[in-house]
Amino acid sequence: MSIFMLQCFLMSLTHPWFLLGLLALAIPIAIHLFELRRPKRVVFTNVEFIKEVRLVTARQRKLKHLWILLARLSFVLFLVMMFVQPYIAAPIQDSKQRVVGVVVDSSPSMQAGASEADNYFDQAVEQARNLPNAYSAGGQFMFAQDQLQPLNSAAYRESLDKLRVSGQSASLTNLINRAGASVGAQKAGEIFVFSDFQRNAFTVQSLEKLDSTQQVFLVPVGGANSRNAFVDSVWLDDAFVRSNTDITVHVRLRNGGKEPVENCQVKLFVGQQQATAFTVTVPAKEPIAVTARVRITSAAPAYCRVELEDYPVTFDNAYYFSLQPSPKVRVLDIAGPQVPPTQQLYSNEPLFSYSRTTAGSLSYQSIEGASLVLVQGQSQLTASLRESLQRVVQRGGSVAIVPTSNVQGRASYDLLFRELGVGPVQWEDAASAPVLRSVATPERRNPFFRDVFSAQSRQPVMPKAAPVLRWSRSGSEILRLQDGDGFLGAFTSGNGTVYLFSTPFDEARTDFMQHALFVPVMYRLAMQSFQREQQPAYRLNQGTVVVPVDAVPGQGEQVFKLIKDSLTYIPSQRLQAGTLRFEVPAAMREPGFYTLVRGSQPVATLAFNIDKKESELAAYSAEELRQLIGPTRKNVQVYDASTGESVAARYKAERVGTPLWQYCLWAALASLLAEVLLLRFMNRTKTAEPVAMAA
């Protein structure tokens, strides 16, 4: 009772002018007094016990009227107090009317939870949906994923119901900054952030751009998942995918939890057919790689996926990728009248499409379609040839230059080197006799020679060369002479690469063409020149995707669409020089295969996956967030949603107060019910009430 009286003493009134309604208490009092003055006439045949009966019935009648009066007074009192709306004042007083910003994390990691039906996202939405209960009916809310316009509670809840988990959801930092900027543009207000607060997605720097006058409430939802297996990456041994040839596919698995995932079932599908299946144990915080051999039987792309059986976290159990048979690498050899040593080299390998021409018969179409252009045996370089080579590197192709031993042609080579940004170079004295020097053993760690050499127990015999030019430095020294001078260097030029030999392919100056190193080096030059712009897989949050497409002459504006099942998306796009660049549409949320269509004609099928960062489920708890924020940020508080108390109820108790009008309503109804019961049962008396007889 003392606690109740203390709360009543501390309570405040929302609408105190309604206390004038207490004047209505006079109405039941007047009715009570009027009923006491009205006599009742009862006829008696026997008045022997009139005195005793009169005393007893008078007490009962008086008590009944007092109880009825009390019930009526209570009904009027509590009815008036319901309109007054009393409340117990909050410990933190804040009377400003504020705009409330709400951030609900919709990243794929929010799909984790104890089960698919009870995931973190549903918990966050439920907490955010109850938030208007803590504010007055005129409260305004700004939803970070919406148009960032003030909404009433009904429109806010409607926008919240439309929210879905998206594979390309904006980062939590961006959502917090957007909400802070929009709320600050209206007036100082509060920002509620509902998220799982992944350690790789949230930092203290996420709050630095917020105004210190804005109150920020961080609400971590969910709990710590102990394990989660997912596909980290998929790669091949060879960048070239050949039809009807066994392909080794490497799959790296990771565990985003703290406990190992034992006996995880992994299945690899090529199209709709299961290619292989195996069981592995994925340790915590340590990747594990498995390999599988598949075969593509046609020239059409193969659409593959890796599926894991890992519960209860299932949003990242599938990884999609495509294997597209590589087209032939086009090699254009601009040689002299004699047959170059590279002709038989490239013609014998079906991986390459080799063609030979001279500088005088060079066509624009042949040089534009080549991945690698070899220039050798040219005593002079014409201006048109130099211009064509510049176009090759500007579009991303490669040019391999074998210099001439002709002294009169060095000036034209110098012009080409300056135009391509190669050099500076120095020519050897033409009067001196050529001196053959040994080529140094290649560096096995050089990426150019990856998977080229096998283990050897003795030092190999290297070719010899008498260079005609030297350079001080290059972007990458592929082969060197033993004295340190370069033999084969790579220079970046435009969007492509220029490979420069220091020695002509002349038997008097080098035996490189007869050496076993000649074949792998020249093959690698062509393979490095091949550009695969269509990747095996993309991320939904990647932003921009670049896909090579063939231009269709005679057509006007070409609109590309992305189609998945019955869904069609039209991205922001730009087609230039056979390359399509488009932005991943915001409505694309689900991973899977999307067909790129031009008009009604399919162009390519692209695989999109969720960012693997979403699978790392390590997250901050409420206590860890408090320690991370520290005591210096007074405007940031952490509400623990795992206590069972809703965020709206806790905020209302701390900053709005505890409203009591509901209790007043129930008390008024109870008073009315008490009056009905008193009138119903206390009138059932077997003894009549006597009155004095008139003379």
Side-chain angles (χ1 to χ4, degrees), residues 105-124 165 167 169 171-173 195-204 206 218 220-235 248-269 276-292 304-321 537 539-541 591 609-628 638 640-642:
D105 189 356
S106 59
S107 60
S109 65
M110 295 289 287
Q111 295 179 95
S115 63
E116 294 185 19
D118 183 23
N119 53 51
Y120 301 161
F121 179 73
D122 292 338
Q123 297 176 26
V165 174
S169 173
S171 66
L172 186 60
T173 300
S195 174
D196 55 355
F197 292 99
Q198 285 180 279
R199 292 181 180 271
N200 59 6
F202 178 80
T203 61
V204 178
S206 303
L218 306 181
V221 295
N225 283 83
S226 58
R227 63 180 192 173
N228 176 39
F230 64 94
V231 178
D232 178 84
S233 56
V234 175
W235 74 96
T248 302
V249 179
H250 297 266
V251 180
R252 178 182 287 119
L253 305 175
R254 294 184 68 90
N255 184 355
K258 300 179 181 179
E259 299 178 1
V261 179
E262 299 180 353
N263 299 323
C264 180
Q265 299 290 328
V266 182
K267 299 178 182 179
L268 174 60
F269 291 85
T276 184
F278 39 85
T279 302
V280 297
T281 296
V282 186
K285 305 300 181 183
E286 184 178 345
I288 181 174
V290 295
T291 59
C304 312
R305 70 185 186 275
V306 179
E307 290 187 356
L308 309 180
E309 292 185 5
D310 177 39
Y311 299 96
V313 182
T314 60
F315 72 90
D316 54 359
N317 281 3
Y319 184 88
Y320 302 89
F321 65 98
R539 301 189 315 273
L540 284 170
N541 60 348
N609 295 288
I610 296 172
D611 193 341
K612 60 184 179 182
K613 292 182 179 180
E614 296 294 330
S615 299
E616 295 287 351
L617 299 182
Y620 292 106
S621 63
E623 185 60 31
E624 289 173 337
L625 281 176
R626 295 188 184 99
Q627 296 177 1
L628 182 67
V638 179
D640 190 356
S642 63

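Side-chain atoms are counted along with the backbone in the values below, which use heavy atoms only and exclude waters and symmetry mates.
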K613 bridged to E616 by N-O distance under 4.0 Å:
no
Between D316 and A229, which heavy-atom pair has the shortest distance, and what is it?
OD1-O, 4.1 Å
Can you find a pair of side-chain heavy atoms, one from N119 and one from F315, that are under 4.5 Å apart?
no
Note, L172 side chain near F197 side chain (heavy atom, < 4.5 Å)
yes
Nearest heavy-atom pair of D310 and T314: which atoms, and what distance?
O-CG2, 3.7 Å
Just by distance, with hydrogens left out, do T291 and T248 show a side-chain donor and acceptor under 3.5 Å apart?
no
Do K267 and E309 come within less than 4.5 Å of each other through their side chains, counting heavy atoms only?
yes
Side-chain contact, heavy-atom cut-off 4.5 Å: V251 with L268?
no
Taken to the nearest 0.5 Å, the spacing of N317 CG from Q265 CD works out to 12.0 Å
Derivation and outcome, side-chain contact (heavy atoms from CB on, under 4.5 Å), residues E614 and Q198
CA-CA 8 Å; E614 296 294 330; Q198 285 180 279; 3.4 Å; yes
Might you work through the side-chain contact (heavy atoms from CB on, under 4.5 Å) test for V231 and L253, ending with a clear yes or no?
CA-CA 5 Å; V231 178; L253 305 175; 3.9 Å; yes
Applying side-chain contact (heavy atoms from CB on, under 4.5 Å) to A289 and not counting sequence neighbours gives W235
Minimum heavy-atom distance between C264 and L308, given as atom pair plus value
SG-CB, 4.3 Å
With no hydrogens and no angle check, do the side chains of S107 and S109 hold a donor and an acceptor under 3.5 Å apart?
yes
Would a 4.5 Å heavy-atom cut-off, applied to side chains only, mark V282 and R227 as touching?
no
F202 and L218: CA distance, side-chain angles, deciding distance, side-chain contact (heavy atoms from CB on, under 4.5 Å) verdict
CA-CA 11 Å; F202 178 80; L218 306 181; 4.0 Å; yes
Where is the tightest heavy-atom contact between N609 and A318, given as atom of each residue plus distance?
OD1-O, 4.2 Å
Over all heavy atoms of both residues, which pair between G167 and P108 is shortest? Give the atoms and the distance, please.
CA-CG, 3.7 Å
Are Q123 and M110 packed together at the side-chain level, in the sense that at least one heavy-atom pair is separated by less than 4.5 angstrom?
no
Give the minimum heavy-atom separation between P283 and N255, together with the two atoms involved.
O-CB, 3.2 Å
Which residues share a side-chain contact (heavy atoms from CB on, under 4.5 Å) with E624, sequence neighbours left out
R199, Y620, S621
